[in-house]
Amino acid sequence: MKFTAIIPARYASTRFPGKPLAMLGGKTVIERVYQQVSSVFDEVCVATDDDRILQAVEAFGGKAVMTSPNHRSGTDRLQEAVEKTGTTADVVVNVQGDEPFIHPSQLRSLCQCFDNPATQIATLGKRFSDMEAVDSPNSPKIVVDNQGFALYFSRSVIPFVRGVDHGEWLGHYPFLKHIGLYAYRREVLREVTLLPPSSLEVAESLEQLRWLQNGYRIRVAETDIETVGIDTPEDLARAERYLMEQSL
């Protein structure tokens with residue numbers, strides 16, 4: 001099975017404009033992401049809407065392709081990149097351009113989901129370690145079936161643990177946090193980009209619910225590694241400290 005990895009990277013960002021080009025430990029954020037992904041995949045490409053990012057990627061020897069600035073979602077940008085690169089890969093892996101510490105084991109776990117022919121889309125989940133994080137609507141939860149396929153994603157706390165004090169729920173159910181790393185069979189990626197927004201997606205503001213509501217099967221691989229994404233300048237400062245700690 002052949003895999004290709006595509007890294008969507010927009011310049012515009014409400015909370016942190018130009019973050020793919022922000023410097024982190026002497027390299028741009030996008031270069032660090034590219035290096036991590038290239039340690040697992042032979043075919044890697046950045047999908048961007050800005051010439052400055054394109055030039056930066058090509059300057060460090062990476063591959064990049066220009067895509068429309070008008071896409072509604074990263075999934076749509078991913079599909080345009082697939083079309084423009086002409087890849088023949090069986091599976092397309094989507095790695096966010098603000099994840100400079102994405103771990104190779106997480107990428108490999110995602111790929112292994114496709115050993116099961118029933119897998120159409122794959123993503124990652126990580127066990128929550130405290131109820132405060134479980135309660136946060138900014139950390140979507142996943143409920144899976146006995147084969148590891150997603151039953152539902154929600155910003156609400158699911159499932160409800162009946163008859164147990166709320167503060168003790170974590171000891172009675174392994175709540176699973178969704179980590180937004182995706183992989184798609186190439187033909188499935190094309191299909192899902194043609195779907196209109198669904199009622200569940202609109203209600204929860206979670207794009208993956210569109211796919212579930214339309215009957216696609218999403219396999220969830222578990223990881224015990226926390227991602228360190230960069231959404232704000234404060235996140236970048238924390239990432240810089242994290243990088244320094246790793247080098248000690």
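Reckoned from all heavy atoms, side chains included, excluding hydrogens, waters and symmetry mates. Along the sequence shown, the residues carry numbers beginning at 1.
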* Test side-chain contact (heavy atoms from CB on, under 4.5 Å) applied to Leu124 and Val220, step by step -> CA-CA 5 Å; Leu124 288 181; Val220 181; over 6 Å; no
* Between Asn94 and Tyr184, does a side-chain contact (heavy atoms from CB on, under 4.5 Å) hold up when you go through it step by step? -> CA-CA 8 Å; Asn94 180 3; Tyr184 315 76; 4.2 Å; yes
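- For the residue pair Gln79 and Thr193, no side-chain donor N or O sits within less than 3.5 Å of a side-chain acceptor on the partner.
- Remark: Arg52 engages Asp50 in a salt bridge (charged side-chain N to carboxylate O under 4.0 Å, His left out) (not counting sequence neighbours).
- Grouped by direct or indirect side-chain proximity (heavy atoms under 4.5 Å, Ile/Leu/Val/Met/Phe/Trp/Tyr only), Leu54 sits with Met66.
- Between Ile230 and Ala239, the shortest heavy-atom contact is CD1-CB, 3.9 Å.
- Two rings, from Tyr182 and Trp211, have their centers less than 6.0 Å apart.
- The salt bridge (charged side-chain N to carboxylate O under 4.0 Å, His left out) search around Lys2 returns Glu43, not counting sequence neighbours.
- Shown here are the salt bridge (charged side-chain N to carboxylate O under 4.0 Å, His left out) partners of Glu207, two or more places apart in sequence or in another chain: there are none.
- Taking the salt bridge (charged side-chain N to carboxylate O under 4.0 Å, His left out) definition, one finds that Arg15 meets it with Asp231, sequence neighbours left out.
- The residue from Glu83, Glu80, Arg77, Lys84 that alone fulfils the side chain to side chain donor-acceptor pair (under 3.5 Å) condition with Thr67 is Arg77.
- Contact of the Asp42 side chain with the Phe3 side chain is not registered, since no non-hydrogen atoms from C-beta on lie closer than 4.5 Å.
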Please output the side-chain donor-acceptor pairs of residues 170-179 that fall under 3.5 Å, not counting sequence neighbours, one pair per line with the distance.
unit_1: Lys177; atom_1: NZ; unit_2: Glu226; atom_2: OE2; d: 3.1
unit_1: His178; atom_1: ND1; unit_2: Gln208; atom_2: NE2; d: 3.4
unit_1: His178; atom_1: NE2; unit_2: Thr123; atom_2: OG1; d: 2.8

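- The ring of Trp169 has its center no closer than 6.0 angstrom to the ring center of Phe128.
- You'll find the side chain of Leu195 reaches within 4.5 Å of the side chain of Tyr216, heavy atoms only.
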* Asked: Checking side-chain contact (heavy atoms from CB on, under 4.5 Å) for the pair Ile6/Val92: CA distance, chi angles, key distance, verdict?
  -> CA-CA 7 Å; Ile6 296 178; Val92 181; 4.0 Å; yes
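- Of all heavy-atom pairs spanning Gly97 and Val29, the tightest one is O-CG1, 3.6 Å.
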